[in-house]
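Following: one structure in structure tokens, then a few remarks.
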Amino acid sequence: MRNFRKFAGAAMAAGLVLATMPAQATDDPIATRQAIMSSMGAAAGLGGGMMKGEIAYSPAAGKAAIATARAVALTFGDYFPAGSDQGKTGAAPSIWENPDGFAAELAKLAEATAKGVEASGKDGPADVEAFKAAMGPIFGTCKSCHETYRKKN
Ligand code: HEC
């Protein structure tokens, strides 16, 4: 729970209200990691919308999207205990068969988000071009990890 609190704290600091977060604390690692990844989906929706010009860009919103991705990077990997490959999960068996490979994908996410936070500065990326430069590498990690470590359907 400590890490989930850390995640929630970081997400709240980013100013995001997470509709996907469970109202009650849960010890179910599958539900927890799915809630964390749902917030990644929300951050990607916000970030992608601004990159495409569908949502007006604001530095604060850019900062929030990156901070959320960072919070995901810092916590997601903690919720894959042995046995949690069973049940209602989109996590592929390859996570447990090839833990080093999965750790490498988590490391890519950690690196991309650390750089993104650095580029964000205090007030967020100044314009949408600066945001694209910071968020683009984070988006690059989604497909790379999902391809191998997320079930196809
Ligand atoms: C290090 C690997 C990894 C990275 C990087 C990653 N994901 Fe995921 N993602 C997963 C896994 C594994 C699942 C399935 C989790 C489960 O169901 O237990 C998942 C599930 C999801 C889900 C479904 C969550 C739910 O409600 O069940 C969404 C949405 C998602 N990812 C979006 C993204 C986006 C957007 C990015 C990039 C910005 C991203 N992911 C990056 C591994 C990753």
Side-chain angles (χ1 to χ4, degrees), residues 1 3-4 6-8 10-11 13-55 57 61-120 124-125 128-153:
M1 265 320 94
N3 283 314
F4 191 70
K6 188 167 77 183
F7 166 77
L16 290 190
V17 176
L18 297 176
T20 52
M21 291 220 314
Q24 290 272 292
T26 171
D27 280 326
D28 173 0
I30 296 178
T32 304
R33 71 192 183 220
Q34 288 176 342
I36 290 172
M37 258 299 156
S38 292
S39 73
M40 185 68 120
L46 172 62
M50 291 191 296
M51 283 159 122
K52 285 186 248 164
E54 292 164 357
I55 300 172
Y57 181 74
K63 185 177 178 174
I66 290 168
T68 300
R70 180 66 183 156
V72 172
L74 290 176
T75 53
F76 186 61
D78 293 344
Y79 296 94
F80 292 86
S84 70
D85 55 332
Q86 303 296 319
K88 228 177 156 242
T89 175
S94 48
I95 291 175
W96 292 269
E97 289 159 10
N98 181 11
D100 291 349
F102 185 57
E105 293 297 335
L106 285 167
K108 281 188 211 165
L109 177 65
E111 196 192 333
T113 55
K115 284 190 179 150
V117 167
E118 211 177 293
S120 270
V128 75
E129 289 310 316
F131 177 68
K132 279 181 192 166
M135 191 77 188
I138 298 174
F139 273 125
T141 68
C142 319
K143 187 162 177 270
S144 164
C145 187
H146 286 175
E147 235 164 33
T148 312
Y149 299 103
R150 188 181 175 190
K151 287 180 191 161
K152 294 291 170 273
N153 42 31

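Every value quoted in this text rests on a predicted model; they were computed, and no experiment measured them. For ligands, and for the atoms within them, numbers begin at 1 and follow the listed sequence.
Look at S38 and you'll find a heavy atom under 4.0 Å from some atom of ligand 1.
The tally of protein N/O/S atoms under 2.8 Å from atom 8 (Fe) of ligand 1 stands at 2.
In this structure, I95 CD1 and C145 SG are separated by 6.5 Å, a value rounded to the nearest 0.5 Å.
Every residue meeting the ring pair (Phe, Tyr, Trp, His ring centres under 6.0 Å) condition with Y149, not counting sequence neighbours, appears here in chain and number order: F102. For A61, the side chain to side chain contact (heavy atoms under 4.5 Å, CB included) partners two or more places apart in sequence, or in a different chain, are L46, M50, S58.
T89 places no side-chain N or O within 3.5 Å of a backbone atom of D85 that could act as its donor or acceptor partner.
Using a 4.0 Å cut-off between charged side-chain N and carboxylate O, E105 and K108 make a salt bridge.
For ligand 1, the atoms closer than 4.0 angstrom to any heavy atom of I95 are 12 (C). The atoms of ligand 1 that sit less than 4.0 Å from any heavy atom of A44 are 35 (C). Each of the following atoms of ligand 1 lies closer than 4.0 Å to a heavy atom of A91: 14 (C), 16 (C), 17 (O), 18 (O). Applying the 4.0 Å criterion to heavy atoms of Y149 picks out, from ligand 1, the atoms 12 (C). Which parts of ligand 1 touch R33 is read off a 4.0 Å heavy-atom cut-off, strictly below it: atoms 16 (C), 18 (O). Near T89, meaning under 4.0 Å from one of its heavy atoms, ligand 1 places the atoms 16 (C), 17 (O), 18 (O).
R33 and T75 are not linked by any side-chain donor-acceptor pair at a separation below 3.5 angstrom, with hydrogens and angles left out of the test.
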Distance-only donor-acceptor hits, side chain of residues 128-143, under 3.5 Å, sequence neighbours excluded:
{"residue": "T141", "atom": "OG1", "partner": "I138", "partner atom": "O", "Å": "2.7"}
{"residue": "K143", "atom": "NZ", "partner": "E147", "partner atom": "OE2", "Å": "3.2"}

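Contact annotation for K151 and ligand 1: no heavy atom of the residue comes within less than 4.0 Å of the ligand.
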